[in-house]
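Below: one structure, written as structure tokens.
None of these values were measured; they are calculated from a predicted model.
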Amino acid sequence: MSLQAAIAVNRFGLGALPGEIASAAGDPRQWLISQIGPADQPVPLNGEPFKDGAQLVKDLQAFRQQRRELKQDGDNKDLRAFVKQQREVLVDEMASRFQQGFTSPRPFAERLVWFWSNHFTISVQNPAVASLAGAYEREAIRPHIAGKFEDMLLAVATHPAMLIYLNNAQSIGPDSPAGQMSRRGLNENFGRELMELYSLGVDGGYTQADVIALARLLTGWSIDITPGGAGQGLGKGAGRFAPFFQARFNQPEAVDGASSGFRYFPARHEPGPVTLRGKTYSDGFAGGRSAIHDLAKDPATAKFIATKFARHFVADTPSPQLVARLERSFRDTQGDLKALAIAMLEHPSAWDAGAEKMRNPVEYVTASYRLLGLPRAQNSEQQVRGAMQVCRMMGHFPMAAPSPKGWSDLSADWSGPDAILSRIEWAQALGSRLPQNIGAGQIARLADQAIGEALSQQTRSAIASAPTGGQALALLVSSPEFQRR
């Protein structure tokens, strides 16, 4: 088996399924390229279809209304039941996502999903987005991983999960009809992160005045946060004006290309033209839409995305030549993400055997499950949920980053002494559950399937000489070669 095939499966994939390195060996680069396209959708483990963003927003509205009523009635038992129900939606979505990683025959496509979901971070540490997190990835990320960056950016910017997470759902133009009535104002969070984290980058050339300008352009980009259509969410005292708000402020306009559950409210939008980074935009939804178009096409965005893409997949400090090639591809193709991925795969430095990255905990556990062909049919859902709990214990979980920056892509942040110790302990626990009739020789063959020519002689010898198959498996899963990609 070729070294390049091992790199294809581990660096750009999710770790080898049995026989996967051999499958990639004929043409490792083409094996990866053939996987690029709209991502597969996770299959619900319980067989019940997932709800879309629009329906989940309606459920959230009803939940909030019931929560207010239950608090007034002092019925904390029912309130706790509602909260639990919202969390269960998240757990079911994440279990299907983990299962997708464990079994996907298109691991590079799945890795692209994971990269872009982390780039466009929402976090369930804000409980309000918990039930929407799965729908966010299914609707705003997965369909666009091989499309245009601008389309993904618009899908993200109009998804209810993002609008709630960064508080834009409640951002109201102070001079808008709703603003004048409610005395509510701008929230700058979304405008700032849209430039700093999602497009231009922190050094992309914008000022605080630009943050405010973009926040103004994005007022009215919301969801209908009022269960009964009244003035909830527009400020204290608005409730007595409920019929007025219903008639004038909660009449959204239809918008093409927006995510499920998005609403644009003209009466909440800050009126008048806005100057952003030297260019004047009209008011209304069209002004914000044009701003997103320009951010997606900006040269600073091309540089920022190219650097982050190379850092994630190839090396903490990627070669300037690789970054320049990706930047040029992004710019020349107007943000074609399939072309971006192919440009990376076609660059020689992407295949440098010395350019190793530490797997984060979700990648590490996923690679371990793929190695062993888990989950198995018996108790498969329990096995998936067990893996989820292990990742939480290791300090990493999808869509649960501590800030809008997302989880770190730097190896040093996943390779501290405590992190390594937790992996060794888990590897030993994994090995202890291996049937006793599986010996070290079988694990040695499994190591060849998992790591191929990247497996060092030292690790190979240690596995072969282990007294039991369980200890051999623990040595393999905790080895430096397996923990890196």
Practice problem: Classify the angle between the aromatic ring planes of Trp414 and His396 as parallel (below 30°), tilted (30 to 60°) or perpendicular (above 60°). | Solution: tilted
Quiz item: Checking side chain to side chain contact (heavy atoms under 4.5 Å, CB included) against Ser96, which of Val384, Leu45, Val91 comes through?
Solution: Leu45
Quiz item: Which ring pair (Phe, Tyr, Trp, His ring centres under 6.0 Å) pairs, counting each pair once, include a residue from residues 318-340, with sequence neighbours left out?
Solution: Phe149-Phe330
Exercise. Can you establish whether the number of heavy atoms outside Lys303 located under 6.0 Å from its atom NZ is more than 12?
Key: no
Quiz prompt | Given Phe285, Phe190, Phe265, the one that forms ring-ring contact (aromatic ring centres under 6.0 Å, His included) with Trp221 | solution = Phe285
Quiz item: If we ignore angles and hydrogens, is there a donor and acceptor under 3.5 Å between the side chains of Ser123 and Asn126?
Solution: no
Quiz prompt | Thr275 and Thr280: side chain donor to acceptor below 3.5 Å | solution = yes
Practice problem: Check salt bridge (Lys or Arg N to Asp or Glu O under 4.0 Å) between Arg331 and all other residues, then give those that pass, not counting sequence neighbours. | Solution: Glu327
Exercise. Check side chain to side chain contact (heavy atoms under 4.5 Å, CB included) between Leu197 and all other residues, then give those that pass, not counting sequence neighbours.
Key: Glu193, Pro404, Lys405
Exercise. State which residues pass salt bridge (Lys or Arg N to Asp or Glu O under 4.0 Å) with Asp298; sequence neighbours excluded, sorted by chain then number.
Key: Arg277
Quiz item: Side chains of Pro398 and Phe98: closer than 4.5 Å at any heavy-atom pair?
Solution: yes
Exercise. Please identify each residue that fulfils side-chain hydrogen bond (donor to acceptor under 3.5 Å, both in side chains) with Glu270, with sequence neighbours left out.
Key: none
Quiz prompt | Residues that Trp31 engages under ring-ring contact (aromatic ring centres under 6.0 Å, His included), provided they are two or more places apart | solution = none
Quiz item: Going through the checks in order, is the salt bridge (charged side-chain N to carboxylate O under 4.0 Å, His left out) test met by Glu346 and Arg29?
Solution: CA-CA 8 Å; Glu346 290 180 341; Arg29 183 178 289 108; over 6 Å; no
Quiz item: Is there a donor in the side chain of His312 and an acceptor in the side chain of Asp409, or the other way round, less than 3.5 Å apart?
Solution: yes
Quiz item: Would a distance-only check, ignoring hydrogens and angles, find a side-chain to backbone donor-acceptor pair under 3.5 Å from Asp283 to Gly272?
Solution: yes
Practice problem: Fit a plane to each ring of Phe309 and Phe313, take the angle between them on a 0 to 90° scale, and name the class: parallel (under 30°), tilted (30 to 60°) or perpendicular (over 60°). | Solution: tilted
Quiz item: Side-chain donor-acceptor pair under 3.5 Å between Glu137 and Ser117, yes or no?
Solution: yes
Quiz item: With distance as the sole criterion, is a donor-acceptor pair present between the side chains of Glu188 and Gln208 under 3.5 Å?
Solution: yes
Quiz item: Taking the six-membered ring for Trp, are Phe397 and Trp407 ring centroids under 6.0 Å apart?
Solution: no
Quiz item: In this structure, are over 12 heavy atoms from other groups packed under 6.0 Å from Lys338 atom NZ?
Solution: no
Quiz prompt | Spacing of NZ belonging to Lys148 relative to CG belonging to Leu337, to within rounding of 0.5 Å | solution = 8.5 Å
Exercise. Kindly indicate, with the supporting measurements, whether the criterion side-chain contact (heavy atoms from CB on, under 4.5 Å) is fulfilled by Leu14 and Trp114.
Key: CA-CA 11 Å; Leu14 294 168; Trp114 294 8; 3.5 Å; yes
